[in-house]
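What follows is a set of notes on a single structure, which appears directly below.
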Amino acid sequence: MTTAHVVIDRDFTLSDIDRRLFGAFVEHMGRCVYTGIFEPGHPQADEQGFRKDVLALTRELGATIVRYPGGNFVSGYDWEDGVGPVEARPKRLDLAWGTLEPNTFGTNEFIDWCRKAEIEPMFAVNLGTRGIDDARRFVEYCNHPGGTMLSDLRRSHGYEQPHRIKYWCLGNEVDASWQIGAKRAPEYGLLAQEAAKVMLATDPTIKLTACGSSYRAMETFARWEYEVLDRCFKEADFISLHTYFDYKPDTSEDYLSNLAVLDAYISEVVAVADAVAATRRSPKRIMLAFDEWNGWVRTRTRGLEQLLQPGWPEHPRLVEEVYTAQDALLIGGALITLLNHADRVKVACLAQLVNVLGPIMTEPGGPAWRQTIFHPFALTSRLARGKVLRTAIGEEANETPHLHHCATYDASSSQLCLLVLNGSVDGEAELKFDLRGFGQAFVVGEAHELHHPDLQAANTKEQPDTVVPQPLSGIEVSEHRVTLRLKPSSWNIVALVPRQQ
Ligand code: AHR
């Protein structure tokens, strides 16, 4: 049994939690849009063809912001193809994924879907095949109230009010060889800056994310971030990070090393962004948008081109990863890491939402169900609110590399939330939280444990509830202390509420 001792204090806070930390991603890829969120004719489809079962699961997931329409797709996308009368919209070759794009779902449908899902949209502009003219026109179409050609075009499409899309990405993974219209850092930095200038001139209220590296192992990582931000420091609010965890699925604890890498990656991007600020003696802080992250283990290929299927199929089954209990532990651990960097990570998007690397799966004409990774995400989004507290772990910290924890406190409800991953495959853990300085007594509001004796267990259409949270028992709460006893390979979340006098 591992034991550890953590001190927390209500007044020692790290940061507010931006609710956008619990974002997701919808790309025109595989079956994320078509037969994922949108399937006219499905028994659960509403009058617009949106699957109501998926809408309900999206709300339950607690996703707050959703990035759209890509991903690699956006780098060859002409947004004009996806607006206006559906019968007049062109079919196009999508070169990113080797598919046929029917364009029966586009910008306005996505906005309608977001409103129904109670989600904020985050849009990306195409800086692959297109440039600043397209970017400014797209912002005008979406966000200008009216009285101009493009805003009136939107109104003629039935959208009288502007969409007021606040968050915009300046392209996608532009550093990557697989990207349509990939660029080197100086070219991209200049293009991002010029696109940002016209987008901000069109709507000064928007917030912009410049592309960081496609992942930390890119050869140009860190130099890319520096050069790009050095060019568009004034215009950018965010720099993006992307990560798809990879590991050999087995019963070892190796997969947890992904968490240390994630932690280092965030710290490194913060350091680079702040170095750019320092050269300007600027107090401005560029925030981090971790706008693609997830596990990608079993459907991974050496090159993305190996995923392409012959014959330009429409919405084929593409990277429909079946997540396991082990993946759910990793995703739960990553949420802890993201929360512990909430002072700089203000947006994060689990990629993607449905079917393609999705926490939600669907069958065309059939049911929708929750993958294992759905559960830690939904619980964290619902319970981890308010501020992240700074936690101090006792001397045993170095001896407990398998323990990952985080504490949040919501002053408006006085709810304290504790999240702990015990990544050890064979050792139980006892964690004592010393609640110094809270000045109030707590009782357990709710407590959940995600654990399955078989780390490779998964949820399927036939058995959708194989891996689901169970009540966490054995919690001891005294005046100043909470003691949790945690199973090996378990992710746990405990919400403590004030004891009524
Ligand atoms: O999410 C799948 C793909 O992964 C995205 O299109 C791309 O941005 C990343 O490489």
Side-chain angles (χ1 to χ4, degrees), residues 20 26-28 33 48 65-71 73-92 101-117 119-172 174 180-181 188 190-211 231-232 234-238 289 291 347:
R20 297 182 186 91
V26 165
E27 175 167 6
H28 284 247
V33 171
Q48 287 185 278
I65 188 167
V66 174
R67 183 167 173 255
Y68 174 85
F73 173 80
V74 78
S75 298
Y77 182 53
D78 296 341
W79 63 269
E80 299 88 339
D81 293 347
V83 296
V86 177
E87 23 345 312
R89 296 187 196 172
K91 280 185 195 274
R92 297 269 191 200
E101 172 54 51
N103 283 307
T104 51
F105 186 99
T107 296
N108 296 321
E109 287 81 18
F110 183 67
I111 292 292
D112 286 341
W113 181 84
C114 283
R115 306 295 181 232
K116 288 183 179 172
I119 272 175
E120 179 175 6
M122 179 184 199
F123 268 64
V125 295
N126 173 355
L127 293 187
T129 57
R130 301 182 102 183
I132 68 171
D133 193 39
D134 165 53
R136 80 178 162 98
R137 288 165 57 88
F138 196 19
V139 174
E140 182 182 326
Y141 177 88
C142 291
N143 283 9
H144 195 70
T148 64
M149 188 191 123
L150 289 165
S151 56
D152 288 345
L153 182 65
R154 181 200 67 241
R155 292 168 69 209
S156 77
H157 293 158
Y159 295 85
E160 181 61 29
Q161 297 303 320
H163 294 326
R164 296 194 182 87
I165 300 164
K166 188 168 169 192
Y167 284 75
W168 292 83
C169 304
L170 298 162
N172 178 72
V174 186
I180 298 170
Y188 171 69
L190 186 58
L191 178 60
Q193 183 186 35
E194 293 305 317
K197 274 162 58 182
V198 291
M199 291 165 78
L200 284 165
T202 308
D203 180 353
T205 69
I206 61 176
K207 301 280 175 205
L208 296 172
T209 300
C211 283
R231 174 58 74 170
C232 59
K234 184 165 158 241
E235 294 80 13
D237 300 283
F238 298 89
D291 56 24
V347 178

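All figures in this text were calculated on a predicted structure; none of them were measured in a lab.
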Handout entry: Intermediate values then yes/no, side chain to side chain contact (heavy atoms under 4.5 Å, CB included), L150 and H144
Key = CA-CA 8 Å; L150 289 165; H144 195 70; over 6 Å; no

Practice task
May I have the step-by-step check of side chain to side chain contact (heavy atoms under 4.5 Å, CB included) for M199 and I206, ending in yes or no?
Solution key: CA-CA 8 Å; M199 291 165 78; I206 61 176; 3.8 Å; yes

Handout entry: Non-hydrogen atoms of G82 and Y77 that approach each other most closely
Key = CA-OH, 3.9 Å

Problem - Modelled atom types, side-chain donor and acceptor of E140 and T148, under 3.5 Å - result: yes

Exercise for the section: Could you tell me whether a side-chain N or O of N103 sits under 3.5 Å from a main-chain N or O of P90, the two making a donor and an acceptor? Expected result: yes

Practice task
Check the side chains of K234 and Q193 for a donor-acceptor pair under 3.5 angstrom, ignoring hydrogens and angles.
Solution key: no

Handout entry: Residues R20 and E120 bridged, charged N to O under 4.0 Å
Key = yes

Problem - Closest contact, heavy atoms only, M122 versus C169 - result: CE-SG, 3.6 Å

Problem - Spatial distance of atom CD (E194) from atom CZ (R231) [nearest 0.5 Å] - result: 8.0 Å

Practice task
Looking only at non-hydrogen atoms, find the nearest pair between F138 and A124 and report the distance.
Solution key: CE2-O, 4.1 Å

Problem - Side-chain heavy-atom pair V125, V74 within 4.5 angstrom cut-off - result: no

Handout entry: Residues that L191 engages under side chain to side chain contact (heavy atoms under 4.5 Å, CB included), provided they are two or more places apart
Key = L127, I132, K183

Problem - Donor-acceptor under 3.5 Å (R67 side chain, F123 main chain) - result: no

Handout entry: Under-4.0 Å salt bridge between R130 and D133
Key = no

Completion exercise
d(H163 NE2, D112 CG) to nearest 0.5 Å is 7.5 Å

Practice task
Would you indicate whether the side-chain heavy atoms of K197 and E235 approach each other to under 4.5 Å?
Solution key: yes

Exercise for the section: Find out whether P121 and Y167 are in side-chain contact, i.e. whether some heavy atom of one side chain is under 4.5 Å from a heavy atom of the other. Expected result: no

Exercise for the section: Only counting residues at least two apart or in another chain, list the ones meeting ring-ring contact (aromatic ring centres under 6.0 Å, His included) with Y141. Expected result: W79, H157

Completion exercise
Rounded to the nearest 0.5 Å, the CZ atom of R154 sits from the CG atom of D152 at a distance of 8.0 Å

Problem - Side chains of L170 and T209 in contact at under 4.5 Å (non-hydrogen atoms) - result: no

Problem - Check: L208 main-chain N/O paired with D237 side-chain donor or acceptor under 3.5 Å - result: yes

Practice task
Measure from the side-chain N and O atoms of E27 to the backbone N and O of F73, and report whether any donor-acceptor pair falls under 3.5 Å.
Solution key: yes

Problem - Distance in Å, E160 CD paired with S151 OG, rounded so as to fall on 0.5 Å steps - result: 9.5 Å

Handout entry: Student check: side-chain heavy atoms of C142 and T107 closer than 4.5 Å
Key = yes

Practice task
Could you tell me which residues satisfy salt bridge (charged side-chain N to carboxylate O under 4.0 Å, His left out) with R92, sequence neighbours excluded, listed by chain and number?
Solution key: D81

Handout entry: Electrostatic pair R137:D134 at N-O distance under 4.0 angstrom
Key = no

Exercise for the section: Keeping the roles fixed (side chain from D203, backbone from N143), state whether a donor-acceptor pair exists under 3.5 Å. Expected result: no

Practice task
Report yes or no: does N126 contribute a side-chain atom to a donor-acceptor pair with the main-chain N or O of G128 at less than 3.5 Å?
Solution key: yes

Problem - Aromatic plane relationship, W113 with F110 - under 30° parallel, 30 to 60° tilted, over 60° perpendicular - result: parallel

Exercise for the section: Drop me the distance from N172's CG to D291's CG, to the nearest 0.5 angstrom. Expected result: 7.5 Å

Practice task
Answer yes when E109 and K116 have at least one side-chain N-carboxylate O distance shorter than 4.0 Å, and no when they do not.
Solution key: no

Exercise for the section: For the pair W168 and V139, evaluate side chain to side chain contact (heavy atoms under 4.5 Å, CB included) and give the outcome as yes or no after the intermediate values. Expected result: CA-CA 9 Å; W168 292 83; V139 174; 4.1 Å; yes

Handout entry: Shortest non-hydrogen contact from H28 toward Y68
Key = NE2-OH, 2.7 Å

